[in-house]
Structures are given as structure tokens and as C-alpha cells.
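For the single chain, residues carry numbers from 1 onward in sequence order. Atoms considered below: every heavy atom in the structure, side chains included; atoms not considered: hydrogens, waters and symmetry mates.
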Amino acid sequence: MTTSIVAGLRLAITLLTVVPLRAERIDRETAGRAMALAPITGLIVGGAAALVIVVGDQAGLGDLLVAALAVASMAVMTRALHLDGLADVADGLGSARPAGEALAIMKRSDIGPFGVVTLVLALLVQVTALAQASGHGHGPVAVVIAAVAGRLAVTWACRDGIPAARPDGLGVLVAGSVRPVPAGLVTAVVLIAAALTGAAAAGPRGAVLAALSVIAGLAVAAGMLWHTTRRLGGITGDVLGALVELTTTATLIVLATL
């Protein structure tokens, strides 16, 4: 059991971060564990961004610049794959074409106007919200919680009953691979950890806001997942990336008031 969990964690890190781990096993069972453990990779990505904030603050950089560097570090830690997914999904959905044509648009290597505008707005909101949280002295806490919440959205998007939109690609490997019970347990752990972290940073109010930020992020992800499943027929790797970025953004908006 321990070996299978380790294999799942290695696959999660391989798929969702730039950390050079080689996955020992790549199959449906391992993929399910990887997606259930996806929030742990948020500690890696968010931790890197938190370190940037701490160093930037020590160097006397302004909140806005520090926030921009922190968001940039998250893109580096993920090879910007999630941002690319967000842009592709925006182009596909924005085309208003049938599912097959929309999926074909999403597979193209270029980025269209819908994708560009969506990327700019998402990054602008992330940087602004994180800068506000940093101004309150809670930037590191906010970015870690947001990064973990973003990967928790992946866990729920891969739950049993959500199909893949294509017969190939990442979606086929991970779609429907997570059972409801593991997803619920992981969510409970994330909510408790977020509340405790928020409490340590800002007392009871911080605990409530931190938990609410995760819930808000998941609510946005649920709405987007419903829409993409209805329009595209299921999930793809691009959809998962888009969910990460949208959830992270929504979570940071709430945490801006921390």
C-alpha cells in the first residue's frame, strides 16, 4: 500500500510540477492515486512562490513586484502548462463551435484572442490579489493555500463519473480515476489545514476566510467543470490546467482580505 501511494505521489509530481521525478508506474490505478494526492503538489508550487515573497520582502521590493515574481515562479514550477491549458480552453469555448471543432482548436499550438485576454485577466487578478495579501503581511500563507486549492480542483475533476472528452491524451488516463471517498477525505484535510494556517496567520477570522477561500475556489471549479463537460463531453489535460488556474485565482481573491 505504501509503495502504491509513493508511486501515485511521484506521478502527481511528475505531471503537475517541473520537479524532475521519473514516474515508476503509469496506469489507471496509479493515476487515480496521483490525482487524489494532487493537492500535495500545491505545497511545492506554492512553497516556491512563498519563498519568493519572503526573499522579496527582505530585499525591500514593493508588494506588487513581489507578487508578480511569485506568480511568475508558479508558472516556472509548472512549465506554464496550466496557464497554457487555461488559454486553450478559453479559445475552444470562446469559438462557440461544436465539441469536436472546439477540441480541435484547443489542440492547436497557437493562442487566439480569447486565450490572450483570459490569460492577461487571470494573471492580473492573481498578482493584484496576492499583492494585497502581501500588503497585509499574509502573502506566503495566501499563495500556499491558493496553490493547494487549485490542485484540489483537479482531484474533483477526476472523480468517478466524469468522462474524458477525447479518446487519447491525459484525460483518458485520469478521467473517473478518483473515488468519492478519497476525494472527500483529501478535501477535509485541505480545509482543516487551510483553517489552521489561516488561524495562525490572522486568528479566528483568518481561519474562516482561509476555509471559505478554498470553498469559493472549488465552487468556481465546479461551475467551470459542469460547463466544460456539457460543452466538450468531458475533461482534457487543458481543462484540468484551466481549473487549476481559475481555482487559484478565486481563492486568492478571497484571501486578499486576509
Side-chain angles (χ1 to χ4, degrees), residues 11-21 34-35 38-57 59 61-92 106-134 139-155 157 170 213 217 220-221 224 236-256:
L11 182 57
I13 294 172
T14 299
L15 292 175
L16 300 176
T17 77
V18 74
V19 177
L21 279 183
M35 295 303 98
I40 294 177
T41 67
L43 296 175
I44 299 173
V45 178
L51 180 61
V52 169
I53 293 173
V54 171
V55 173
D57 286 343
L61 303 180
D63 292 333
L64 188 60
L65 178 56
V66 169
L69 291 173
V71 170
S73 73
M74 290 198 289
V76 171
M77 290 298 296
T78 58
R79 303 185 190 90
L81 288 178
H82 303 325
L83 290 170
D84 179 66
L86 177 62
D88 287 342
V89 170
D91 282 333
M106 289 165 58
K107 287 193 71 173
R108 295 175 185 170
S109 59
D110 60 330
I111 298 178
F114 286 109
V116 171
V117 171
T118 301
L119 275 182
V120 170
L121 290 176
L123 290 172
L124 180 61
V125 173
Q126 287 181 14
V127 170
T128 304
L130 185 54
Q132 186 167 323
S134 294
V141 169
V143 77
V144 171
I145 293 175
V148 172
R151 280 76 192 165
L152 181 58
V154 171
T155 300
L170 179 62
S213 72
V220 170
M224 185 63 177
T236 67
D238 285 333
V239 169
L240 295 180
L243 291 174
V244 169
E245 293 298 334
L246 290 175
T247 304
T248 300
T249 303
T251 305
L252 281 173
I253 290 174
V254 177
L255 291 173

Could you report the tightest heavy-atom contact between [X] and [Y], atom names first, then the distance?
X	Y	value
T155	P39	OG1-CD, 3.4 Å
G42	R151	CA-CD, 3.9 Å
G237	L170	CA-CD2, 4.0 Å
A221	A153	CB-CB, 3.8 Å
P140	V54	CG-CG2, 4.0 Å
A242	V89	CB-CG2, 3.9 Å

*asked:* Whether the side chain of T118 engages the backbone of G115 through a donor-acceptor N/O pair (distance < 3.5 Å, no angle test) should be reported.
replied: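 No; zero donor-acceptor contacts below 3.5 Å.
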
With a 4.5 Å cut-off on side-chain heavy atoms, are [Y] and [X] touching?
X	Y	answer
R108	D91	no
L246	L86	yes
V76	V18	no

If I take atom [atom1] from residue [X] and atom [atom2] from residue [Y], how far apart are they, to the nearest 0.5 angstrom?
X	Y	atom1	atom2	value
M74	L69	CE	CG	11.5 Å
T17	I40	OG1	CD1	12.0 Å
L240	L16	CG	CG	8.5 Å
L130	L64	CG	CG	10.0 Å
D238	D84	CG	CG	6.0 Å
T236	D88	OG1	CG	8.5 Å

Exercise answer: donor-acceptor pairs, residues 248-256 side-chain atoms, under 3.5 Å, sequence neighbours excluded:
from : atom 1 : to   : atom 2 : distance (Å)
T248 : OG1    : V244 : O      : 2.7
T249 : OG1    : Q126 : NE2    : 2.9
T249 : OG1    : E245 : O      : 2.7
T251 : OG1    : S213 : O      : 3.4
T251 : OG1    : T247 : O      : 2.7

*Step by step, work out the side-chain contact (heavy atoms from CB on, under 4.5 Å) result for T41 and T78.*
CA-CA 10 Å; T41 67; T78 58; over 6 Å; no

